[in-house]
Amino acid sequence: MSKATVSFVINDRPGVSPQARRRVLEAIDQLGWQPNAGARALSTKRSQTLGLVMRRPPELLSTDPFFPQFVAGIETGLAPLGYALVLQVVPDEETERQAYERLARDGRVDGVFLTDLRTDDPRPALMTELGISALIVGPPHHGGRVPALGVDDGSGVRRAVSHLRSLGHRWIGHVCGAAGYVHTEARCDAWRGALADAGLPEIPPVAADFTGAAGAQATHRLLDLDRPPTAIVYANDLMAIAGITAATSRGLRVPEDLSVVGFDDIPLADCIAPPLTTVRQDVLTWGRIAAQALVSLTEGGKFQAAELPPVEFVVRASTAPPRT
């Protein structure tokens, strides 16, 4: 067989007779041969690798199950396509920029995921400048050319407020995420809008950083108010679970004295006492579809917004009517 014939078979290209194709495949099977990824990358100018640079505190990454689930979803989308994921955790904006520049300069990735979009985020423009295919995981970046794939966070928060209002709560607090993130602003705006639509008063929200410790501190701040809330909506489950612990440490009962709602529906949410009422996101599916969409972009395909499973509101035992 000529090298060209073997190459055509390996790359599944037409122009080879069935008999010749069968002989090449039999030889590959007998030899246990596998293509050399490095050599193929030199030839095709493609690494078949995608990048994910995350700027989050190590404390959060080590405790919040959201990120392992999302990465697992990405891997389930990449593996059947023969792609791999390069993950890097960085401490600050300058290191983050250097990481992207290095990935572009070394040709280590064909594209990158942009997560935790910030309100004044420079990364979409940087990706265009560096010539890297990119996909925003979350709400779109206004005025940018980088496509986005996300769910409506606000609908889950609005349903949480509606549920608490139906139980009779009128004094509903909110522990929001770290300032500056697009999803933090979206959830906080949804909480404010839901209160306004229901004609309910607004308690100033308390910002935290998505960690359990920050969630507990924010809960104490709300409960120290002259008129504390009878219910609190949290920006993630980790802070909500810490909030339950903070409330019980003060002698309060959940849900009799304080109703609690989380966000994400992490695996631990239905195992605590009481089981947590929360907003469920299908993070695995989100990661898988995002991976498939970015691979398509890197291979020259046109971006088509895929339909993600909508958020669901899951009622458990951490919410109840307020005490009269």
message: For Glu26, is there any backbone N or O sitting under 3.5 Å from a side-chain donor or acceptor partner on Asp29?
response: no

- prompt: If we only count heavy atoms from C-beta on, is the Thr298 to Tyr83 side-chain gap below 4.5 Å?
  reply: yes

field: Donor on one side chain, acceptor on other, Asp265 and Thr278, under 3.5 Å
entry: no

message: Please give me the minimum heavy-atom distance between Leu195 and Pro201, naming the atom from each residue.
response: CD1-O, 3.8 Å

field: For His169 against Ala320, the heavy-atom pair lying closest together
entry: NE2-O, 2.7 Å

- prompt: Would a distance-only check, ignoring hydrogens and angles, find a side-chain to backbone donor-acceptor pair under 3.5 Å from Thr319 to Val315?
  reply: no

message: Using a strict threshold of under 4.0 Å (side-chain N to carboxylate O), is an ion pair present between Arg250 and Asp224?
response: yes

query: So, are Glu75 and Arg288 salt-bridged, with charged N and O less than 4.0 Å apart?
result: no

message: When you compare the side chain of Leu238 with that of Leu268, does any pair of heavy atoms fall below 4.5 Å?
response: no

task: Please check if the side chain of Ser162 supplies one atom and the backbone of Arg159 the other of a donor-acceptor pair under 3.5 Å.
output: no

- prompt: Is the side chain of Thr49 donor-acceptor paired with the backbone N or O of Val109 at a distance under 3.5 Å, no angle test?
  reply: no

message: Could you check whether Glu101 pairs with Arg108 (Lys NZ or Arg NE/NH1/NH2 to Asp/Glu carboxylate O, under 4.0 Å)?
response: no

- prompt: Salt bridge check: are Asp209 and Arg56 linked by an N-O gap of less than 4.0 Å?
  reply: no

query: Salt bridge between Arg323 and Asp257, side-chain N to carboxylate O under 4.0 Å?
result: yes

message: Please find the pair of heavy atoms, one from Met239 and one from Ala208, that lie closest to each other, and give the distance.
response: SD-CB, 3.4 Å

query: Does the pair Asp116/Arg55 count as a salt bridge with the N-to-O cut at 4.0 Å?
result: no

statement: Residues at least two apart in sequence or cross-chain that pass ring pair (Phe, Tyr, Trp, His ring centres under 6.0 Å) with Phe313, listed by chain then number, are His163

